[in-house]
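Throughout, a chain's letter reflects where its sequence line sits, starting with A, and its residues are numbered from 1. In this text, all values refer to a predicted model and were calculated from it rather than measured experimentally. The analysis underlying the following values was restricted to heavy atoms, covering all of them including side chains, and did not include hydrogens, waters or symmetry mates.
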Number of protein chains: 2
Amino acid sequence: MTSIPPETLAELEAEITARHKTLSKRLRQVAHFMIERPKEVAFGTVAIIARDADVPPSTLVRFANAFGFQGFSDMQKLFRAKLVEETPSYNERVRLARKHSQTSQHTSPMELLEEFTTSNMVAMEQLIKEVNTNDLEKAVSIIYCAQATHIVGFRRSFVVACYFAYALRHIDQRAFLIDGVGGLYREQATTLSKNDALIAISFKPYATETQDTIMSKPNGVPLIVITDSQLSPLTQYADVCFVVKEAEVRSFRSLTASLCLAQTIAIGLAYRVEEELNGSSQ
Amino acid sequence: MTSIPPETLAELEAEITARHKTLSKRLRQVAHFMIERPKEVAFGTVAIIARDADVPPSTLVRFANAFGFQGFSDMQKLFRAKLVEETPSYNERVRLARKHSQTSQHTSPMELLEEFTTSNMVAMEQLIKEVNTNDLEKAVSIIYCAQATHIVGFRRSFVVACYFAYALRHIDQRAFLIDGVGGLYREQATTLSKNDALIAISFKPYATETQDTIMSKPNGVPLIVITDSQLSPLTQYADVCFVVKEAEVRSFRSLTASLCLAQTIAIGLAYRVEEELNGSSQ
DNA sequence: CTGGAAATGAAATAAGTATTTCATTATAAA
DNA sequence: TTTATAATGAAATACTTATTTCATTTCCAG
């Protein structure tokens, strides 16, 4: 109980992490709160924090004691100190990174991270500007009406395809990922039935496999395309086509915008399903 | 005295500036302190702030009253709020988006897209704030020194794992994706050799397979972890651990921040390789 | 089961803090 | 200079908040 207390929040967090397993049920609950919501801890009163962490106030004091502090307030100081010292606002960090990248020819990972996050944010803003409401509604409708949805995408696009399949399954939609294992993508594509739908994702350099898959699908199966250019070889076959401009940093392209779009379609679908259920039951 | 008080710190600061000249000597002294040392005001007690601003405690209360607040504590809230909200602009937008979508019972896909993009932007800002330079450098070094890198992640994390593998191969690094086909993840993990590295990605609810994989790796193989909480079961085994807070909209989590981090590490590695080559050839 | 130790939570108590009061001092107008 | 008014600060008070206590429950080891 009278062991030496941690002197920084980082130290405390390390100790909490290390001892997490050995703590009692309630103390573990507090541990969670400390790690997950440090800002609330920094400002809150014992009563408020106790309420939000769903423990009695005394448990907070016990927790502090268990980590060597005199009392809760003593521990809280660490949380406050952290908040005071580090508030390098986003803008400040951008400025620092920029300055640094100009003075040294060495490209540090932190600079890269700054560039990627910034570019991705720009891409997000673009996405919302350029995506059309009708297309979005239509895409949702297509999947909603389909008995099953097949998704195809290779190389970089595979990541998006994979996520799409995950998201759809997550909301209880039948989703099949055409992964081309053993080069059998054509065969996988022929398993599509008339009432299914196909989602194809393809970026430069457009994998021919994706195009092949589309060509092999039965007539009448609706196609949703996510690609990076109006001139992509896929656009002409699409019932709905999303042209997504991804962030590009040092000739490397992101996928965040496409992922965000996929997520939106999936959740939009979830709401559609829910609404139709409620609507028809009344 | 009972005028309407400012509602944000910015408003208060504006008012202080405007009325600065008309204030009495002591109140002006307080005004100075409020403007110059807002962080101390946010955390300090009346007694401490009074001491540091070299005025009696009562003057602080008078100052607060003069600007329309009930008391000092009331005014202090503004200072605290400022410190809590990390990204006022985007948080505001998220809040507005949420509010808007609550007024109508129908949730349109476009509204969802607005929410997702906004939340993802916030997540990007958080990412750059919370990722530590040293960790980033260390992660790059680990992969740089490894003969081959193995990547493991199941369910949602699989998408990130997949992208990581893609990105590493793209820059000519040997990367193996532990996909657990046929439940053989343990066997896949045992193929790691001493000089390899392992990257593990795991989010709630932490798949036990990932943990199993880690446990099966040979001793001494360095481990890089990407997860969503300091208390994740993986952190304790990690040589480098990134805790990434993903955007969450309507209880659906994104992956954009993790993807961005993966991208950064991969490209950071590419630069490292390039720099080492140039360095040694001179 | 059963006894004993640890954990828990409600309530009492202690500590700390903000606010108000009021006597005193400075300021400005007549 | 005088007087009315505003400003000021030390100390008392009222409040809030942290901490401790103790009766009760839970959890194990025997």
Side-chain angles (χ1 to χ4, degrees), chain A residues 1-3 5-6 12 16 19-34 37-81 83-84, chain B residues 1-3 5-6 12 16 19-34 37-81 83-84:
Chain A
M1 180 160 171
T2 16
S3 60
L12 175 59
I16 290 176
R19 291 175 49 187
H20 184 247
K21 283 199 219 325
T22 73
L23 295 171
S24 76
K25 188 182 150 213
R26 282 298 195 235
L27 291 193
R28 206 176 308 163
Q29 216 172 311
V30 175
H32 241 103
F33 197 88
M34 297 290 149
R37 294 160 74 174
K39 283 183 189 130
E40 208 167 323
V41 178
F43 285 112
T45 66
V46 171
I48 291 171
I49 297 169
R51 176 171 52 76
D52 292 355
D54 199 29
V55 295
S58 43
T59 305
L60 292 183
V61 178
R62 284 194 192 104
F63 182 88
N65 290 148
F67 284 85
F69 297 99
Q70 290 277 98
F72 178 81
S73 312
D74 197 24
M75 182 180 78
Q76 196 179 35
K77 282 178 191 161
L78 295 192
F79 286 81
R80 297 189 164 184
L83 223 55
V84 169
Chain B
M1 179 155 172
T2 17
S3 61
L12 175 59
I16 291 175
R19 291 174 49 186
H20 185 251
K21 284 191 226 321
T22 74
L23 296 171
S24 76
K25 188 183 151 211
R26 281 299 195 232
L27 291 193
R28 207 176 306 162
Q29 216 173 312
V30 175
H32 242 102
F33 197 87
M34 297 291 151
R37 294 158 74 173
K39 277 173 193 158
E40 207 168 323
V41 178
F43 286 114
T45 66
V46 171
I48 290 171
I49 297 169
R51 176 171 53 76
D52 291 354
D54 198 29
V55 294
S58 43
T59 304
L60 291 183
V61 178
R62 285 197 190 102
F63 182 88
N65 291 147
F67 284 85
F69 298 97
Q70 290 275 99
F72 178 80
S73 312
D74 197 24
M75 182 179 78
Q76 195 181 33
K77 282 179 190 159
L78 296 192
F79 286 80
R80 297 190 165 184
L83 228 53
V84 169

Most 5' of A:Ala47 and A:Arg62 on DNA chain D, judged by nearest nucleotide:
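Residue closer to the 5' terminus by nearest nucleotide: A:Ala47.
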d([atom1], [X]; [atom2], [N]) in whole Å:
X       : N      : atom1 : atom2 : answer
B:Ile48 : C:dA18 : CD1   : C1'   : 13 Å
B:Phe72 : D:dT16 : CZ    : C1'   : 15 Å
A:Phe63 : D:dA18 : CZ    : C1'   : 17 Å
A:Asp74 : C:dG16 : CG    : P     : 12 Å
B:Met75 : C:dA18 : CE    : C1'   : 13 Å
A:Ile49 : D:dT19 : CD1   : P     : 11 Å
B:Leu60 : D:dA7  : CG    : P     : 16 Å
A:Leu27 : C:dT8  : CG    : P     : 6 Å

Please confirm whether the shortest side-chain N or O distance from A:Ser73 to OP1 or OP2 of D:dT19 is below 4.0 Å.
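Result: yes.
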At less than 4.0 Å, is any side-chain N or O atom of B:Ser24 found next to OP1 or OP2 of D:dT8? Yes or no.
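Result: yes.
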Other residues, nucleotides, ligands: >12 heavy atoms within 6.0 Å of B:His32 NE2:
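No, NE2 of B:His32 has 12 or fewer neighbouring heavy atoms, counting only those of other groups under 6.0 Å.
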Whether [X] side chain and [Y] backbone form a donor-acceptor pair below 3.5 Å:
X       : Y       : value
A:Arg19 : A:Ala66 : yes
B:Gln76 : B:Gly44 : yes
A:Gln29 : A:Asp54 : yes

Out of D:dT8, D:dT19, C:dA18, which has the shortest distance to the side chain of A:Val46?
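The answer is D:dT19, which lies nearest to the side chain.
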Can you tell which of D:dT19, D:dG9, C:dT19 lies closest to the side chain of A:Val61?
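That would be D:dT19.
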What about B:Ser58, does its side chain sit under 3.5 Å from the base of D:dA10 through a donor-acceptor pair?
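When only heavy-atom distances are counted, B:Ser58 does reach the base of D:dA10 through a donor-acceptor pair under 3.5 Å.
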Measure the acute angle between the ring planes of A:Phe43 and B:Phe43, then classify it against the limits of 30° and 60° as parallel, tilted or perpendicular.
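It falls in the parallel class, under 30°.
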